[in-house]
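Please read all numbers here as calculations on a predicted model, not as lab measurements.
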Amino acid sequence: MRLRPEGSRRPAWMKAPKLYAPKLSWPGRLPTWAEVQRLPVSMMIACLLAGLGAVQLTFLIGNGLYRSYVWQAQTRTVKGEIAALNTDLRVLREAQAHADDPQELQAQARCLGFVGKGETVIVAQDAPDGASNNCDAVRMP
């Protein structure tokens, strides 16, 4: 290992670069172009990219929250539709099970206002109009 003599100097390419911080005359003032020229370009690019990254992150978080809200609303809607379809399926299965039962068919005919052969129709004076009031309404799909 060679030691340099006392008075020798380093070559220019071996010297460490000097970093200059801009000195603002008062706070809140924008730096002049001469002060900005002293900043390293890579530091300015890094700050710009960090700012753009923060904006993008904010957008992505907001978009994720919005999508989550919409997804939950659509999930609630679909669950309601599934419950209604399950009810329809149960009603149809009950109707299918009683389709061949003569007593059930006769009860449905009476609900619709039909009268059997040989029966006498008696109508009360204060009876409501319409045959649909004879039985409870059942929702059919």
Please set out all donor-acceptor pairs under 3.5 angstrom arising from side-chain atoms of residues 90-100, sequence neighbours excluded.
from, atom 1, to, atom 2, distance (Å)
Arg90, NH1, Glu94, OE2, 3.2

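- Residues in residues 61-70 take part in no side chain to side chain donor-acceptor pair (under 3.5 Å) pair, two or more places apart or across chains.
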Could you tabulate the donor-acceptor pairs under 3.5 Å formed by side-chain atoms of residues 111-120, not counting sequence neighbours?
from, atom 1, to, atom 2, distance (Å)
Glu119, OE1, Arg110, NH1, 3.1
Glu119, OE1, Arg110, NH2, 3.1
Glu119, OE1, Gly116, N, 2.9
Glu119, OE2, Arg110, NH2, 2.4

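- When the side chain to side chain contact (heavy atoms under 4.5 Å, CB included) test is applied to Ser42, the partners found at least two apart in sequence or on another chain are Pro40.
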What pairs of donor and acceptor atoms, side-chain ones from residues 51-59 against any protein atom, are under 3.5 angstrom apart with sequence neighbours left out?
from, atom 1, to, atom 2, distance (Å)
Thr58, OG1, Ala54, O, 2.8

Listed pairs under 3.5 Å, donor-acceptor, residues 75-82 side chains, sequence neighbours left out:
from, atom 1, to, atom 2, distance (Å)
Thr75, OG1, Trp71, O, 2.7
Thr77, OG1, Ala73, O, 3.0

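- Looking at Val70 and Gln74, their side chains come closer than 4.5 Å, going by heavy atoms from C-beta outward.
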